[in-house]
Amino acid sequence: MKIAAIAINTFREAVRDKILYTLLFFAIAMIASSILLGKLVIGDQTKIIKDMGLASISLFGVLIAIFVGIGLVFKEIERKTIYTIIAKPIQRYQFLLGKYLGLILTLVVEVVIMSTGFILLLFYYEPSPDMDILKAILLIFFELMLITSIALLFSSFSTPIMSGVFTLSMYVIGHLTGDLKMLGSKSESAAVKHITEFMYYLLPNLENFNIKAKVVHNIPVSWGYILYAMSYGILYIAIILLISAIIFQRRDFK
Amino acid sequence: MLNNKKILIMFGIILPLLYSLQKQIDLSPERRGRIEDMKYLPSGRFLKGAALAYDEILGDLLWIKTVIYFGEHYLSNKQYEWLSHMLDVSTDLNPYFEYPYEAGGVMLAMETKEIDRSIALFKKGMKNVPQTDKRYWYLPFFLGFDYMYFKKDFAAAARYMEQAARLPGHPEYLPMLVTRLYANANDPEVAIAFLKEIYENTENEDMKRDIDKRIKEIIVERDIRLLEKARNIFRDRYGQYPDTLQELFKSGIINMIPYEPFGGKYYIDQKDGSIHSTMVEERLGVYID
């Protein structure tokens with residue numbers, strides 16, 4: 001209950017910060033590009049719209065996850081509002097979890113509205129578009145949740161600017177770990193091989209959530225795979241939140 | 001309340017699960033065949049814009065992938081479908097970087113036999129790489145090699161070689177090589193010098209073995225030609241072919257019987273007087289007109 005109260009409050013704050021205005025940008029960008037590209041592209045027009053739509057959902061989501069996520073805890077400390085909260089009978093990890101879920105709620109609203117607009121646009125161009133696109137959106141959402149947890153982790157001990165830099169780096173690295181492992185496996189030094197392999201399993205592998213190309217080209221993606229990717233996301237998030245809670249628990253607010 | 005014991009237990013459960021999940025995901029068909037998918041690699045000119053200001057680093061990454069691509073196929077099926085495209089894109093992204101032109105051109109010429117593409121790549125390199133680059137001279141050098149060894153265009157070969165010999169960093173023997181090339185384009189000595197240079201610059205052990213074998217074959221060819229010349233002198237002098245190569249030596253026409261690089265021996269065939277090596281069955285005809 002306490003967690004829900006904080007979550008809803010975080011959501012309200014995000015709405016007050018006019019974060020949902022990004023949806024307007026999304027709508028304009030989507031419709032404008034579909035009209036523009038529709039005139040330019042020869043051949044499969046819906047492919048381009050699908051690419052644009054999925055990329056925009058992912059991009060806007062990542063931007064919100066990072067830029068709102070990094071300020072979540074820091075803002076409370078800076079404005080000293082955190083004193084009034086932790087003075088109440090509430091565990092610190094509950095506070096942290098509430099903040100996290102509040103931002104997730106914001107992301108749910110964002111993604112749902114963007115997806116609805118996107119699918120409506122698809123219906124405008126095609127009588128019965130392939131609904132596998134929802135699988136891709138589902139995994140994009142799990143990626144966003146993971147990024148949010150990373151932003152929260154950094155936010156629990158660092159300034160917003162530093163957290164932003166760290167989270168953005170993790171986002172980029174998370175999409176390149178496959179290359180890291182491949183390059184490491186070509187190395188002749190056993191030490192390099194082991195280190196890159198270790199890093200590969202340690203760092204978040206965000207490519208697990210990337211099935212955009214497959215979905216757009218109608219290559220089947222099994223529910224088994226989706227399930228694996230989702231479980232991976234949930235477990236990874238659990239670890240990150242656990243570490244954030246440990247750090248946050250030991251912090252001294254002055 | 002979170003206490004240390006609970007936290008440790010949670011880590012102990014979740015981390016192994018994460019590890020095995022990732023292994024499972026890597027094995028699923030959805031994740032396979034990602035690295036080799038070069039069909040969608042767009043042109044370098046497009047990527048240069050799309051990569052914002054990071055085109056060099058993207059080019060570096062692609063170059064590393066190209067080397068791995070080459071290495072993997074060299075050891076497996078020897079099919080290099082995307083090699084020239086990858087080289088082209090990575091040199092578009094990294095126009096001033098000498099090594100991809102040099103190594104790529106040699107790969108295309110020596111391994112995939114795409115001579116025209118190799119020549120185009122060397123020429124592109126000569127246009128883009130700054131002449132102050134320490135390895136710049138390799139570009140006209142190997143370009144000349146392509147013209148000589150594969151195209152049999154000895155005039156063009158000598159021209160590019162001369163250009164290489166004027167650049168800093170070239171080996172001492174190069175001017176002499178140019179002279180020999182102008183005098184007698186069919187000189188095995190010229191081919192041996194080139195191949196030795198390629199050998200020195202190759203790191204892949206398997207490829208080194210291949211090149212080494214080729215060098216030795218050319219040495220055999222050179223020696224056989226030398227012995228044939230001596231045999232003809234012998235015939236003119238004594239009216240018959242010698243029975244053994246030893247006779248050439250004894251009569252003072254040659255001052256030693258050359259050492260066979262594969263560890264075999266040279267001998268003279270009694271039937272028609274032709275000269276062979278015990279180790280190489282067929283004579284090399286590659287650079288012979």
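Order of the sequence lines sets the chain letters (A, B, ...), proteins ahead of strands, with each chain counted from 1.
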For Lys78(B), does the NZ atom sit with more than 12 other heavy atoms under 6.0 Å from it, leaving out its own atoms? yes

Should the heavy atoms of other residues, nucleotides or ligands under 6.0 Å from NZ of Lys196(B) be counted, would the total exceed 12? no

Please determine whether the number of non-hydrogen atoms from other residues, nucleotides or ligands lying under 6.0 Å from atom CZ of Phe67(A) exceeds 12. no

Distance, nearest 0.5 Å, that separates OH of Tyr201(A) from CG of Leu15(B): 14.0 Å

Euclidean distance, Leu21(B) CG relative to Asn205(A) CG, rounded to 0.5 Å: 11.5 Å

Tyr19(B) OH to Tyr200(A) OH distance, which is reported to the nearest 0.5 Å: 10.5 Å

To check you understand the geometry: which heavy-atom pair defines the closest contact between Ile239(A) and Ile14(B), and what is its length? CG1-CG2, 3.3 Å

Contacts with chain B made by residues 220-231 of chain A (heavy-atom distance under 4.5 Å), listed by residue number: Pro220(A), Val221(A), Ser222(A), Tyr225(A), Tyr228(A), Ala229(A), Ser231(A)

Check the pair Gln24(B) / Tyr232(A) against side chain to side chain contact (heavy atoms under 4.5 Å, CB included), numbers first and verdict last. CA-CA 10 Å; Gln24(B) 203 63 43; Tyr232(A) 176 85; over 6 Å; no

NZ/Lys113(B): more than 12 non-hydrogen atoms of other groups inside 6.0 Å: yes

Just wondering, are more than 12 heavy atoms of other shown residues or ligands nearer than 6.0 Å to CG in Leu63(A)? yes

Heavy-atom count check: over 12 atoms from other residues, nucleotides or ligands less than 6.0 Å from Ile161(A) CD1? no

Straight-line distance of Leu18(B) CG to Leu202(A) CG, nearest 0.5 Å: 10.0 Å

Rounded at 0.5 Å granularity, tell me how far CD1 in Ile243(A) sits from CZ in Phe11(B). 4.5 Å

Could you check whether atom CZ of Phe198(A) has more than 12 heavy atoms from other residues, nucleotides or ligands sitting under 6.0 Å from it? no

